[in-house]
Structure formats: C-alpha cells, structure tokens
Amino acid sequence: MSIETTASSAPDPEWERLVNDYHASPVTAPAVAAELAAPSVAIAAPDPMGDTPLVPAWTRTTGGWKARGEAGRLNSVRRFRRWVRRQATEHGHSAQTYRGIRRTFHWIQGTEGVQVATARREVQQAQHDYKAAKWGHDKRLIPGKEKDKRRREMETAFASSTTAMAKYRAAQQAARVRRAVRGTVALAPLATAEGVGLHFLGGPGGLLATGSALAVLALLGRRTSGGELYDDRDAKFGDTRTLTDSMLNQVYRDAKVIGSDEVLELLTPCTLTADGKAWEVEFDLPSGMPAKKAVAAKAGVGSALGVAVQQLNQALGDREGRIRLRVSLNLPFTGEPTPGPLLAVDRVDLWQPIPMGINLRGQEVSTSWVERSGLFGGEPGAGKSAAANDLLLAAALDPTVALYLCDGKAGADVTPYEPIAAMHDTDGDPKRLLEILQQVWEAEIPRRRALAKEHGSRKLAAAMAAVDPRVNLAVLLVDEWSSYGAAADRNDRQELERLLRLIVQQGRALGIITLAATQKPDSDSVPTGIRDILSIRWAMRCLTPQASDTILGQGYAAAGHNAQDILKSQRGVGIYMDGEGAEPELTRGYYYDDDEVALLLERAYALRAEAGTLPAGAVSLSDQLRSLRDHQANILAALVDAFDAHADDEGRPAEWLPGVALLEFVTASGLSISADSLGRLVVRADEEKAKRVWEGTRLIGYPRSRVLVTVRDRFKLGD
C-alpha cells in the first residue's frame, strides 16, 4: 500500500479550512505564508476541479516524508522478493525470453512451409504416376493400339510431373524470399541497435542494446502457451508468502465477510514483522460491520489466503469493527519451547505480575494473580500440568506464599511440592480434600479477614504485606475435581462443592488464589457455579468446540477462539484469557522439565527455610528443637543428628549408639554434657541399658526410639 493512498486516521484542520473557504467564496489566490497556522507544514493548494490527487498535508511534513520513504523501501523489498520468486515459474523473465525467441522464429518461418510441403507431395505423386505409366508402356507384347494409348498416358504423366516440379520449386523460392524479408524485419532493428550501441558507447552500449533486445523478446513472450498473464494480485498468500493490499480485500470478499463492492480501510500497510515470521496489518471493516463477523469467518479467511487456520490470528482492535490481522509464514509454536524465566531469578514476589508464557508476537504474557482465580483445561497431553507449573513454581519461589495442593487423579504432578506445601493430597482422597478446604475456610479465611479489619480495609493488598509480615498470599490448587466427586459420597460431594465455592468467592479479596485444572472440561469436572466465577481461563487443546467453550465461556468458539483448532504438535499451547473482559490470545506456556522443577523447588525450600516459613512437617526434628532456643533442646537436637550421621547405606538412621559416641558428637557440636547428665536427660528402661557390641567392644548405649520419646514428652515434637 502506498502511503499516499492511506486515509489519515486524524482529521486535517487545514484541509477542512480550505474546503470551507472554497464553499464560502471562490478561491482567487493561494493563501500567503503569514496566514498559515503552522509554517512548518506544507499545505496543498486547493483543487476545486479535482485535477490532482487529494494528498493529506501530513505527508509533506518531515514525519510524512519519512513514512513515505519507509513505505517505499518496504514496497521495493517486497517487489524484489516477488520478482526473485517469480523467476522459477513459467512467468519468469528467462521463460518469457525463451517464449519470445521461439515465437519470433515461428513468425519468421511463417506458413509457407505448408505450401512447400503440399507442392512436394504433388511432385511425389506425379512421379509415382509417371513411373507406373512408363512401366505399363514398356511391356513389349501389348498390341499396337494399346501401346499407343499407354504412351499417351506416359506422356501425360510426364507433363504433370514436370508441372508439379516447377510448382514445387516456385513455392520453395517464394518461401525463401518471404522468410528472408521477415527475418530482415525482425533482426535488422536488433542488429542496428547493437551496431549503434557498440559504435557510440562501446562495450556498455553493446550490453545495453542486448538488454533491450532481451526485454523486447521477454515482452513478446509475456503470455504463456495457455494465454495467461502474470498477476501477483490474484496469488494466494500460501503461494507467494507475501500479503498485499489487493490480496487482503479479495480474501475477505471470498470469505463472504465484505461485499464485492466493499473495501477494507487499512490503518497500517501490510508489513513483515521484525523477526520475519509473520505478516501483520491493522484495518477497519466497512461501517456498521461488527468485528466478530470477520473473527467468526476464520476458516474462510484461512482458505482464501491458502494457509492453515493455525497460521491465522485475528485479534479485535481498540474499537468495534477494527481487526489486527497476523498471518504466520509457518505453523507457530511447533519448535522447541522457550526456556522458563524463573530459572534466572532467585526469588519471586507473587504480589507482582508473573510470566505465564509467550504469545504469537513473541511477547511475554504476564498476569497478576492478586484477587484472581483460574481454570486451566484441555485433553490429556495438551500441557495443562506444565501450564499450572508456571503459577505453582512462581508461588513456590515466594517464601511467604502458603501452598494447598490437591491432585484428584493421584498423579505425580504435585508430589515434588510436598516438602513446602502447607497441606497436600496426592492420593485423590475426598476426605483429605475436605480437611484441606475446611482448613482454608475455617482457619485461613477468618485469620485473613481479621488482618484486613485490623488494617482498616476489606481486602489484603501488597502495601499491607510490605509493613506486616503476617499478610501473605496463598494458592489453592484443585486438580481433577471430577475424580474427587466420583470417589466421595453425596453428602461429602455437596460439602466439598459448598466450601470450594465459598473459598473462591470470598478468598479472592483475602489473598487466596484458587486454580482449578481439569482434563475433561464440563459441568461434572468443575461445577458450573464455581467455573463461572473463575476469572483467568486457559483452554489447551480440546476435542470439541463445546469443551473449548466450557473453559473460555459460551460463544467464544463460534467467534473464532476454538481450542479444537490447536494441533497436537503444539503442546503447551492454549487460548489464554487474562481476567474478566480480556480478549483471548493464543499463548504457549513456559516449560520446565523434571530436573528444572527439582532445581527450582530446592531453591524454594532454601528460601523458606531461611525465612522460617516451611511447614512443620518439612522442618527436620533437630531444626525444630534448635528453634526453641533451649539448652536441653539443643542437646537432644545434637543426639538426633548423631543417629542421622550414622545412617546405613539406604539412608536409615542408626537405631542404637553407644553413649561414648553420643558424647563425642555432642561435644563436637559445641555443647557440653556429662555421661550422668545425659542419663538423666534421656531416661532408659533397665533392658535398654544392656550392653551391645560396638566395633568389637561391648558398650552401654542409647536407642534412638528413647531419644525421640524424650523429645515428644519434653517439647511435644515428633510423632
């Protein structure tokens, strides 16, 4: 598209003034420079008769000239690329030149060859007749009258042969003359141009003349043998890999989006993206036409372009009737996944937006999960668990976030998170899920509501967390709700649904992020009353449009956002809708393999250990004892570590150690205790005081079980 033909998106006040002045009174003289409102802007003179094109004034400014130059450069590059691709076809200039040479040769040769061939055939027939008559005449036993008759026939055949031969030679001569004349007509200009060029310009002149001759021959051979002319305006994008303005209008006409007499108003030229992976353009549909009509015709537009629907992306613009079109040169999201950004960070603040994936334009899609909840769905193998990991791993790297993880399919997706999870269920047990939901509803939400009230607010916010360490976020994951519902009795199922709905409704403002994930998105997987209040949606590959609508919302598939269109090769790709009212966008989630997940969770464990936010079950017994800051607790912690230090090859702690070994370990830990004091601290039964063999010597020692009993009795820790 030429910049000169692009309608300006903003009105031109100077042009309006000129038009109004023209209607008010005849224009007798152009405006003087002093009357111009903006001297730096060159205003086109009024054109009452319409003799010159209407060129917007902004195109004559510095920015306008720059835009025109850039458009010219892009158009030149496109034309050159189209020319290069054209050369390999029958419309290429070499093919045209060959056809021109062949057609020139055929014209010089003319149609006289048919007359010569006819005359030659007549000569051959006359000679054959003469030979037959002569053979009949030469028979000696024929009577006299018959002999005279055959002589006359032979003479007649001889005369016919002579006449035919004369006619044949005349036809040959006429053909030679006419071919010579046509050859002179065809070649004389070429020879003259070549001679003149060589005479006046030397070698360059000869080359110029030769190029001109080839151009003339190419012009003669422009039409193919079938009579077709080259016209890239009729080509499809799938054939040329170039999007043009005329092609775009024809595509939307063929797709029945606009009428045959309607045109699209292009707001930007058709340009190749900086990464060279797609063509993009933004345009307005004809007045009164909703954008959803074009979006719903995705299959028709893809067919008219000659590409797969997966290569086509139509996004709604900033107002109704505006479309941002992107046509990828190849199927997007079929290569290696993008490495996850969490590998490069030490810690995450979940109060801030977190990266969830990459969109079609290669831009990072970040989402704020504060006061949000989500629903991820798709068929098995679509990448749902990997998508959920984007949130869970970010939450794990924030040591203040509490994790409540429930996996109804009893898989291993959340097993690596167990050491840092406040509560978890990896067995698909509905009773355990009920305990977790009750803990969140009966303990977490009241505590958070009290905190919000203490800060004089109805909800928790990042500003509160900055000054009060008690204010934090929590993530509740419920994977495969239908599996829990199938395993629970009726009363438990109703109670589970009631608690989850209450948590989603009231927990959002109190910092509880709920994420539901399912492989079979329907009302049985996630109850409708809960699904409708989950704001963030991510529809991975689905088997039906109805399944896609179950995740995104009713009508999105018909509007062109159908997760059924996602290919199996596009693993981890889904239609992502970030919050209420957001336009769905094809997004590929970041992927973390098992080793990367383990590495990130090790980092998360260390962060939580340092911050003191590990769940009680995840903190070792010795660390729990030391956190009491009691001398006897420190002694018992050293004793527990001593048994762990003498673990067997399979990692099991020693069941018994001699008192001497225990005292040495305690002393090495920087603590001081005598044998008597140790005996009074860890009270043993008489049978536990019996000597046992230790490195070839019988010694008195302590069983590990007695130390653990002491810890439990004195400090209420351990089992």
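For reference, positions follow the sequence shown, starting with 1. Computed from a predicted structure; not experimentally measured.
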Item to check | Close side-chain approach of Met540 to Ile551, heavy-atom, < 4.5 Å | outcome: no
Item to check | Rounded distance (nearest 0.5 Å) linking atom CD1 of Ile445 with atom CD of Gln506 | outcome: 6.0 Å
Quiz: residues 631-641 side-chain donor-acceptor pairs under 3.5 angstrom, not counting sequence neighbours:
residue : atom : partner : partner atom : Å
Gln632  : OE1  : Arg714  : NH1          : 3.0
Asn634  : ND2  : Asp630  : O            : 3.3
Asp641  : OD1  : Ser622  : OG           : 3.1
Asp641  : OD2  : Arg626  : NH1          : 3.3
Asp641  : OD2  : Arg626  : NH2          : 2.4

Item to check | Reported CD-to-CZ distance for the pair Glu655 and Phe643, which is rounded to 0.5 angstrom | outcome: 8.5 Å
Checklist entry - How long is the gap from CD1 on Ile575 to CD1 on Ile566, to the nearest 0.5 Å? => result 5.0 Å
Checklist entry - Hey, mind stepping through Glu610 and Arg347 against salt bridge (charged side-chain N to carboxylate O under 4.0 Å, His left out) and telling me if it holds? => result CA-CA 12 Å; Glu610 181 181 355; Arg347 180 171 177 159; over 6 Å; no
Next on the checklist: Whether the Asn472 and Arg448 side chains hold a donor-acceptor pair (N or O, under 3.5 Å, no angle test) is what I'd like checked.
Outcome noted: yes
Checklist entry - How long is the gap from OH on Tyr484 to CG on Leu433, to the nearest 0.5 Å? => result 5.0 Å
Checklist entry - Just by distance, with hydrogens left out, do Tyr404 and Glu444 show a side-chain donor and acceptor under 3.5 Å apart? => result yes
Checklist entry - Less than 4.5 Å apart, any side-chain heavy atom of Ile536 and any of Leu375? => result no
Item to check | Any residue meeting side-chain hydrogen bond (donor to acceptor under 3.5 Å, both in side chains) with Arg432, in chain and number order, not counting sequence neighbours | outcome: Glu435
Item to check | CD-CG distance between Gln554 and Asp549, expressed to the nearest 0.5 angstrom | outcome: 5.0 Å
Checklist entry - Say you draw a straight line from CD1 of Ile503 to OG of Ser373; how long is it, rounded to the nearest 0.5 Å? => result 12.0 Å
Checklist entry - Which heavy atom in Val414 sits nearest to a heavy atom in Thr426, and how many Å separate them? => result CG2-CG2, 3.5 Å
